[in-house]
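One structure is given here, and the rest of the page talks about it.
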Amino acid sequence: TSSCPRLVITGLMTIGKFGDPNPEPYFECLHECRQKVATAMGVDADSLELSMGMSGDFAKAIAAGSTSVRVGTAIFGSRPPAKLPPS
């Protein structure tokens with residue numbers, strides 16, 4: 001855009017709602033958003049990456065068309081809980 005001439009949009013990203021075991025509606029919504037963004041940008045929708053899913057739902061994300069998934073927990077294990085600063 002003219003207000004951000006050096007900004008290059010290469011794709012869109014989403015994860016499912018925390019605690020919701022069914023991520024498909026969020027993945028479907030991102031597909032719809034990609035089409036709207038592509039139309040607004042005047043580019044082919046397939047030129048925009050879709051980053052969807054994480055370790056717990058990556059198979060569903062891939063089935064939904066994700067071109068990138070985040071699987072750090074599956075590879076490295078869970079992170080320890082964040083430590084709260086002393087009160």
*Can you find a pair of side-chain heavy atoms, one from Cys29 and one from Pro25, that are under 4.5 Å apart?*
no

_Spatial distance of atom SG (Cys33) from atom CG (Leu48) [nearest 0.5 Å]_ = 11.5 Å

*asked:* Can you tell me how far apart CE (Met54) and OG1 (Thr14) are? Round to the nearest 0.5 Å.
replied: 11.0 Å

*Only one of Asp20, Ile15, Asp57 clears side chain to side chain contact (heavy atoms under 4.5 Å, CB included) with Tyr26; which?*
Asp20

Restricting to non-hydrogen atoms, name the atom on [X] and the atom on [Y] that form the minimum distance, rounded to 0.1 Å.
X     : Y     : value
Ser68 : Ser66 : O-OG, 2.5 Å
Ser55 : Gly72 : OG-N, 3.8 Å
Ala61 : Gly53 : CB-CA, 3.7 Å
Arg70 : Met52 : NH1-N, 4.2 Å

Using only atom types and a distance under 3.5 Å, with no angle test, would you say the side chain of [X] pairs donor to acceptor with the backbone of [Y]?
X     : Y     : answer
Arg34 : Leu12 : no
Thr67 : Leu50 : yes
His31 : Ala64 : yes

*Taking a hydrophobic cluster as the set of Ile, Leu, Val, Met, Phe, Trp and Tyr residues connected by side-chain heavy atoms closer than 4.5 Å, whether directly or through intermediates, do Phe27 and Met13 fall within one such cluster?*
no

